[in-house]
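No experiment lies behind these values; they were computed from the predicted model shown.
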Amino acid sequence: MKQNTETVYEIDTLKLLDPKTVEFIPEASGLLTLKYEGEEWNRVTLTRLVPFDSTDEYVSATYKNEREEWKEIGVLKNVSDLPDDQRQIVEEFLNFKYYIPIITKIKKITDNRMGYLFLQAETTAGEKRIAVNDWWHNFRMIQNKMISVTDADGNRYLIPEISKMDKASIKKLQLFI
């Protein structure tokens, strides 16, 4: 019997980028250019691989190739290992990409019985009225301590530790978590 030895999938290996030799350059588009080991990539984006636990560790640098496919260049193990100017560029990019206001207090939750919840909440971005469609899928409990909320427009909000909220806010949330 003949075995099939044809490669079906290309398997990537983790390539850690040397923080001392990477050079990120901001582009007018909001993306980055990355120069590394004599090569240069344009339209580079950064993605936190463990976004809720390790915001500065394991950050993937990817680019779009000529076939418009995202390809990984490599991973920064820790942003704090970068030289100050490069760390600032990376932190500014990540802070913009992952802008997620923190919900600090729930004033009111209204269920319109048509699939939407309306939260009146205090956040780090000010007081907000947040419309959540299909709350069953858009209220995500993470590690039994935090909640990620995605509103009807795709904006995200975070409650980092439910237990640290005031009792009235927790009571309002208990119906939906």
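One hydrophobic cluster, built from ILVMFWY side chains closer than 4.5 Å, cannot hold both V44 and L49; they sit in different ones. Linking Ile, Leu, Val, Met, Phe, Trp and Tyr whenever their side-chain heavy atoms come within less than 4.5 Å leaves F96 and L46 in two separate clusters. Both V132 and I170 are members of a single hydrophobic cluster when ILVMFWY side chains are connected at heavy-atom separations under 4.5 Å. Note on I106: it clusters hydrophobically with W136, by side-chain heavy-atom contacts below 4.5 Å among ILVMFWY residues. Residues V149 and L173 fall within the same hydrophobic cluster, defined by Ile, Leu, Val, Met, Phe, Trp and Tyr side chains chained together at heavy-atom separations under 4.5 Å.
Between the CG atom in N42 and the OG1 atom in T33 there is a gap of 4.0 Å [rounded to 0.5 Å]. From R48, atom CZ reaches atom CD of E57 across 11.5 Å, with rounding to the nearest 0.5 Å. Atom CD of residue E40 and atom NZ of residue K35 lie 5.0 Å apart, to the nearest 0.5 angstrom. Residue I100 holds its CD1 atom at 6.0 Å from CG of L158, rounded to the nearest 0.5 Å. To the nearest 0.5 Å, the span separating CG on L117 from CD1 on I130 amounts to 11.0 Å. Annotation: the span from E68 atom CD to W70 atom CH2 amounts to 8.5 Å, rounded to 0.5 Å.
Smallest separation of non-hydrogen atoms from A121 and I103: CB-CG2, 4.0 Å. Of all heavy-atom pairs spanning F24 and I89, the tightest one is O-CD1, 3.3 Å. Annotation for L34 and A61: closest pair CD2-CB, 4.2 Å, computed over non-hydrogen atoms. Nearest heavy atoms, P101 versus T124: CA-OG1, 3.5 Å.
Under a 4.5 Å side-chain heavy-atom criterion applied to ILVMFWY residues, the cluster that includes Y116 comprises F118 as well.
Listed by first then second residue, pairs satisfying side-chain hydrogen bond (donor to acceptor under 3.5 Å, both in side chains) with a partner in residues 73-82 read N78-S80, not counting sequence neighbours. Among pairs with a residue in residues 93-104, those fulfilling side-chain hydrogen bond (donor to acceptor under 3.5 Å, both in side chains) read T47-K97, at least two apart in sequence or across chains. Within the structure, the side-chain hydrogen bond (donor to acceptor under 3.5 Å, both in side chains) test picks out the following pairs touching residues 153-165 (sequence neighbours left out): D151-N155. The stretch residues 15-26 participates, sequence neighbours left out, in these salt bridge (Lys or Arg N to Asp or Glu O under 4.0 Å) pairs: K15-E37. Identified under the salt bridge (Lys or Arg N to Asp or Glu O under 4.0 Å) test for residues 114-134, with sequence neighbours left out: K107-E122, K107-E127.
Every residue meeting the side-chain contact (heavy atoms from CB on, under 4.5 Å) condition with K108, not counting sequence neighbours, appears here in chain and number order: T110, Q120. With sequence neighbours left out, the side-chain hydrogen bond (donor to acceptor under 3.5 Å, both in side chains) criterion links S29 to E27. Here R87 pairs with D84, E91 under the salt bridge (charged side-chain N to carboxylate O under 4.0 Å, His left out) rule; sequence neighbours left out. By the side-chain contact (heavy atoms from CB on, under 4.5 Å) test, K171 is found to be paired with no residue, residues two or more places apart in sequence or in another chain being considered. In this view, N65 and Y63, R67, E69, K71 satisfy the side-chain contact (heavy atoms from CB on, under 4.5 Å) rule, not counting sequence neighbours. Remark: E66 engages no residue in a side-chain contact (heavy atoms from CB on, under 4.5 Å) (not counting sequence neighbours).
A 6.0 Å sphere centred on CG of N144 holds no more than 12 heavy atoms belonging to other residues, nucleotides or ligands.
No side-chain donor-acceptor contact under 3.5 Å links N133 to the backbone of A152. Although no hydrogens or angles enter the test, the distance criterion places no donor-acceptor pair under 3.5 Å between the side chain of T62 and the main chain of E72.
Contact check for V90 versus L82: side-chain heavy atoms found under the 4.5 Å cut-off. The shortest distance between side-chain heavy atoms of I102 and I159 does not fall below 4.5 Å.
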- Query: After noting the C-alpha distance and the side-chain angles of I147 and R140, does the key distance pass the side chain to side chain contact (heavy atoms under 4.5 Å, CB included) rule?
  - Reply: CA-CA 5 Å; I147 297 177; R140 297 276 175 155; 5.9 Å; no

- Task: Applying side chain to side chain contact (heavy atoms under 4.5 Å, CB included), run through L94 and V59 and close with a yes or a no.
- Result: CA-CA 9 Å; L94 290 171; V59 175; 4.1 Å; yes

- Would you please test L32 and F93 for side chain to side chain contact (heavy atoms under 4.5 Å, CB included) and show each step? CA-CA 9 Å; L32 302 168; F93 182 90; 3.9 Å; yes

